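Side-chain atoms are counted along with the backbone in the values below, which use heavy atoms only and exclude waters and symmetry mates. These figures come from a predicted structure and were not determined experimentally.
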Amino acid sequence: MRRPLTLYGLTFSLPLLIWQLLFFVFPLVFLVALSFWTVKNFRMQPDFDTVNWVTIYGRSVFWQAYGTTLAMAAFASALVSILAFPCAYAIAFKLSDNARRWAVFLMVIPFFTSYLVRVYSWQIFLSDAGIINVMLGWIGLGPYGLLNTVGATMIGYLTLTFPLVVLLQLFSLVFIDRTLIEAAHNLRCGRLRTVFEVIVPSARVGLVIAALFAFILCFGDFVSPIYLGGGDPTTLSILITDTTKSGQQWPRAAVIALTMIGTLLVVAFAAVRFAYKGRTK
């Protein structure tokens with residue numbers, strides 16, 4: 001049964017409502033309005049014209065950047081989910097409670113450092129005269145062009161998302177009913193089969209949400225594509241920057257930003273629906 005609204009409940013929920021209005025709803029409404037403005041003589045005018053939408057959607061460079069961003073974010077989220085699962089599984093099922101707490105603490109530590117600083121440190125490793133190429137030179141290999149590549153961008157994406165994905169997967173794995181795992185073993189189910197037929201389905205919600213967060217972070221990331229990938233291929237975040245620098249075209253940048261928001265909303269709703277599919281209320 002639904003509880004009736006009370007003044008007490010509304011009072012304590014009011015700060016959250018104000019926060020959402022100030023930092024999400026109002027900026028989103030302004031962004032929508034800005035997309036219909038026009039720029040004349042490097043000045044924005046509050047018109048209602050669809051020329052920005054027609055111009056952006058009519059350019060092949062936008063659709064190329066859109067496809068590239070979507071593909072890279074999807075691949076990075078799948079890759080980090082696969083790499084993070086063994087780590088989360090080991091922490092959840094192989095470590096003691098004390099060791100698990102230390103592992104969680106170690107996963108939180110990277111967030112104490114700026115993501116930009118961590119990306120700069122990867123430049124030292126991946127440059128032509130960097131640590132990796134120097135070590136390869138000791139065995140007669142290289143140097144290889146590791147920086148300003150798609151692979152370097154992926155490393156940046158993993159740096160951004162790996163600790164978070166491990167934590168989200170871990171929180172889902174630790175709450176799995178252990179009796180289900182014991183029952184699988186009693187029925188002579190092997191470890192690998194138990195993982196895929198018992199553990200993964202039981203933790204599906206957490207695994208999907210972790211991958212969703214990774215996709216959202218990678219889809220909107222600007223730092224790794226520009227500082228590790230060298231801006232090639234162009235992603236939507238880079239395209240927004242280039243658009244604002246080209247004649248102060250903020251309305252066209254707003255169109256790109258709204259497209260990104262719409263894409264993320266569609267992906268988020270689809271992922272949440274898949275995560276809770278078949279679950280009883």
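- With hydrogens and angles left out, the side-chain atoms of Tyr115 and Asp221 include a donor and acceptor closer than 3.5 Å.
- With 3.5 Å as the limit, one finds a donor-acceptor pair spanning the side chains of Asp177 and Thr179.
- Of the residues listed (Leu126, Leu147, Thr149), the one engaging Ile155 in a side chain to side chain contact (heavy atoms under 4.5 Å, CB included) is Leu126, and it is the only one.
- The closest donor-acceptor contact from the side chain of Thr244 to the backbone of Gln249 lies at 3.5 Å or more, if one exists at all.
- Relative ring orientation between Tyr120 and Tyr227 is described as perpendicular, the plane-to-plane angle rising above 60° on a 0-90° scale split at 30° and 60°.
- Checked by atom type and distance alone, the side chain of Arg118 pairs as donor or acceptor with a backbone atom of Thr159 at under 3.5 Å.
- Relative ring orientation between Trp63 and Tyr57 is described as tilted, the plane-to-plane angle lying within the 30° to 60° band.
- Looking at Arg204, its side chain does come within 3.5 Å of a backbone N or O of Ala275 through a donor-acceptor pair.
- With rounding to the nearest 0.5 Å, the separation of CG in Leu95 from CZ in Arg100 is 7.0 Å.
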From CA spacing to verdict: side chain to side chain contact (heavy atoms under 4.5 Å, CB included), Gln45, Trp37: CA-CA 6 Å; Gln45 298 180 357; Trp37 290 12; over 6 Å; no
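- Contact of the Ser35 side chain with the Pro251 side chain is not registered, since no non-hydrogen atoms from C-beta on lie closer than 4.5 Å.
- Panel note: side chain Thr68, backbone Pro233; no donor-acceptor pair is recorded below 3.5 Å.
- Of the possible polar contacts, none joining the Ser172 side chain to the Leu168 backbone as a donor-acceptor pair under 3.5 Å is found.
- Of the possible polar contacts, none joining the Gln169 side chain to the Ala88 backbone as a donor-acceptor pair under 3.5 Å is found.
- Ring geometry, Phe105 versus Trp102: the interplanar angle exceeds 60°, so the pair is classed perpendicular (tilted spans 30 to 60°).
- With Asp47 contributing its side chain and Asp49 its backbone, the two residues share no donor-acceptor pair below 3.5 Å.
- Using a distance-only test at 3.5 Å, with no hydrogens or angles considered, a donor-acceptor pair links the side chain of Asn186 to the main chain of Glu182.
- In this structure the side chain of Phe36 never reaches within 4.5 angstrom of the side chain of Val51, judged on heavy atoms.
- Atoms OG1 and CG, from Thr194 and Leu180 in turn, are 11.0 Å apart once rounded to the nearest 0.5 Å.
- Proximity of a side-chain donor or acceptor of Ser127 to a complementary backbone N or O of Gly130 within less than 3.5 Å is detected.
- Ion pair Asp242/Lys245 not flagged as a salt bridge, since none of the NZ, NE, NH1 or NH2 atoms sits closer than 4.0 Å to an Asp/Glu carboxylate oxygen.
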